[in-house]
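Values in this document were obtained by computation on a predicted structure and should not be read as measured data. In what follows, every chain begins at residue 1, and chains take the letters A, B, ... in the order their sequences are listed.
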Amino acid sequence: NAGVTQTPKFRVLKTGQSMTLLCAQDMNHEYMYWYRQDPGMGLRLIHYSVGEGTTAKGEVPDGYNVSRLKKQNFLLGLESAAPSQTSVYFCASNFLGGTETQYFGPGTRLLVL
Amino acid sequence: GENVEQHPSTLSVQEGDSAVIKCTYSDSASNYFPWYKQELGKGPQLIIDIRSNVGEKKDQRIAVTLNKTAKHFSLHITETQPEDSAVYFCAAFKRGNDMRFGAGTRLTVKP
């Protein structure tokens, strides 16, 4: 049981490049989330999904797109990376959303030059 | 929207001492307050939580208190150990899937 996994662990992009971050969970969770973590700002919700085929905007969705084609996977896309998107990205999941415990992945560190 | 402030940003204590981290929130409708511990290179992990109908909750060396009137809640760690060294985040949840996190406290426990 791997829990929540994220790939890649680290990536360097040039401004304007695109990339996709992959989150996978093997706990059969319905809800999945993408957060970004910046120094001095804690975690902020980018997008989330309440089930396969659904997505919704969080607190800071601009510049990102997401897809949940399979229940176990949640993809975060950057179409045209900007230096402001340099951050550590965390994926999380849980069964029922709301106040249920969220289980976090190990994070992806992204540097946009 | 909800605003969560967390203090202090860094905290250094001697092994065996107690550590207290405080958070305030702005929206009185918030009803669930979890605390997460994040070790270096890992994702946050829930260590304790409290709901708005409870004033205090304890789990071994960790306790959380909630003052709804003042809109603040605190994490208390007693008999600190070096393995308690990590970044701790508080959060406040109101409805839907809107969880707002504090900026984090880096706790260092000196042996």
So, using side chain to side chain contact (heavy atoms under 4.5 Å, CB included) as the criterion, who are the partners of Asn73(A) when residues are at least two apart? Leu22(A), Ala24(A), Lys70(A), Leu75(A)
Interatomic distance, Ser9(B) atom OG to Ile21(B) atom CD1 [nearest 0.5 angstrom]: 10.5 Å
Which distance, rounded to the nearest 0.5 Å, do you find between the OG1 of Thr5(A) and the CG of Asp26(A)? 7.5 Å
Taking heavy atoms only and a threshold strictly under 4.5 Å, list by residue number the residues of residues 32-47 of chain B that touch chain A; give 'none' if the list is empty. Tyr32(B), Tyr36(B), Gln38(B), Gly41(B), Lys42(B), Gly43(B), Pro44(B), Leu46(B)
Looking only at heavy atoms, which of residues 56-75 of chain B get nearer than 4.5 Å to chain A? none
Within the distance-only criterion (no hydrogens, no angle test), does the side chain of Ser26(B) pair as donor or acceptor with the backbone N or O of Asn3(B) below 3.5 angstrom? yes
Structural part of [X] lying under 4.5 Å from a heavy atom of chain B:
X	result
Val50(A)	side chain
Leu43(A)	both
Tyr103(A)	neither

Just by distance, with hydrogens left out, do [X] and [Y] show a side-chain donor and acceptor under 3.5 Å apart?
X	Y	value
Thr99(A)	Arg51(B)	yes
Asn28(A)	Lys71(A)	yes
Asp17(B)	Thr80(B)	no

Show me the pairs that pass ring pair (Phe, Tyr, Trp, His ring centres under 6.0 Å) and involve residues 78-97 of chain B, at least two apart or across chains. none
Atom CD of residue position Glu79(A) - does it have more than 12 heavy atoms of other residues, nucleotides or ligands inside 6.0 Å? no
So with a 6.0 Å cut-off around CZ of Arg44(A), is the heavy-atom count from everything else above 12? yes
Chain B contacts, top residue of Glu59(A), Gln102(A), Met41(A) (heavy-atom pairs, under 4.5 Å): Glu59(A)
Would you call the rings of Phe104(A) and Phe101(B) parallel, tilted or perpendicular if under 30° counts as parallel and over 60° as perpendicular? perpendicular
